[in-house]
Amino acid sequence: GESVGLHLPTLSVQEGDNSIINCAYSNSASDYFIWYKQESGKGPQFIIDIRSNMDKRQGQRVTVLLNKTVKHLSLQIAATQPGDSAVYFCAENGSSNTGKLIFGQGTTLQVKP
Amino acid sequence: EAEVAQSPRYKITEKSQAVAFWCDPISGHATLYWYRQILGQGPELLVQFQDESVVDDSQLPKDRFSAERLKGVDSTLKIQPAELGDSAMYLCASSNDRYEQYFGPGTRLTVT
């Protein structure tokens with residue numbers, strides 16, 4: 001079946017350090033990937049996305065890397081801040097062409113002051 | 001900045017009762033999604049609309065769940081009768097293409 005998973009359920013980093021959150025996906029047909037941030041009691045918030053014709057995309061303090069060879073996705077957050085503390089989900093579109101997203105289990109990022 | 005609106009934000013209901021959730025997508029977004037998120041897990045798609053038509057409802061428990069988007073704008077998700085296992089966050093998202101989806105704040109349902 002189609003599934004997206006994250007390597008670590010929890011990641012703890014020191015404020016100011018860089019964070020790297022990893023995600024493995026299983027469907028080779030996926031051509032779109034997206035990262036969301038979800039704070040407690042809120043809906044997922046879009047962070048950054050990437051299409052399969054790219055291997056890297058940068059935003060403000062965030063970078064997404066895509067390695068299609070090993071089906072791996074990562075989110076890098078530079079100079080992590082306390083406000084970055086949240087659960088981070090990766091998602092893929094699988095073999096669907098309708099826009100349906102398949103989410104992983106999530107990684108909780110804890111930022112220590 | 002345009003946002004997806006959902007109401008209510010919280011709902012407590014007894015099992016066997018009916019419950020309904022409402023979603024108003026970002027203006028102009030033709031695609032609307034309803035997801036269910038169990039605590040500690042990622043969202044799972046229940047139903048997807050393109051304008052007023054259902055595109056995917058393969059994961060919707062149709063014996064108790066129903067969804068509609070009559071005029072292709074706002075949408076209602078209903079559960080009747082509610083069961084204890086339905087306790088979850090119900091999220092609505094919208095998109096103007098088949099890629100980037102924007103989520104609302106969700107409705108937290110507790111079934112007692």
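Proteins come first, then strands; the chains are lettered A, B, ... in the order of their sequence lines, and each starts at number 1. Note that these values count all heavy atoms, side chains included, but never hydrogens, waters or copies made by symmetry.
Top candidate by heavy-atom pairs under 4.5 Å with chain A, chosen from B/Pro43, B/Gly104, B/Cys92, is B/Pro43. Residue with the most contacts toward chain A among B/Arg108, B/Gln37, B/Glu44, B/Met89: B/Gln37 (heavy-atom pairs, distance under 4.5 Å).
In this structure, a donor-acceptor pair under 3.5 Å is absent between the side chains of B/Thr110 and B/Ser87. A donor-acceptor contact closer than 3.5 angstrom links the side chains of B/Gln101 and B/Tyr35.
Only the side chain of B/Tyr33 comes within contact range of chain A, judged by heavy atoms closer than 4.5 Å. Looking at B/Gln50, neither its backbone nor its side chain comes within 4.5 Å of chain A, counting heavy atoms on both sides. Interface residue B/Gln41: backbone and side-chain heavy atoms are both found under 4.5 Å from chain A. Residue A/Gln45: no heavy atom, backbone or side chain, is found under 4.5 Å from chain B.
Salt bridge status for A/Asp49 with A/Arg57: present, with a side-chain N to carboxylate O gap under 4.0 Å.
Within the cation-pi definition used here (under 6.0 Å to the ring centroid, within 45° of the axis), A/Arg51 does not qualify as a partner of A/Phe33.
The aromatic rings of B/Phe21 and B/Trp34 lie tilted to each other, with the angle between the two planes from 30° to 60°.
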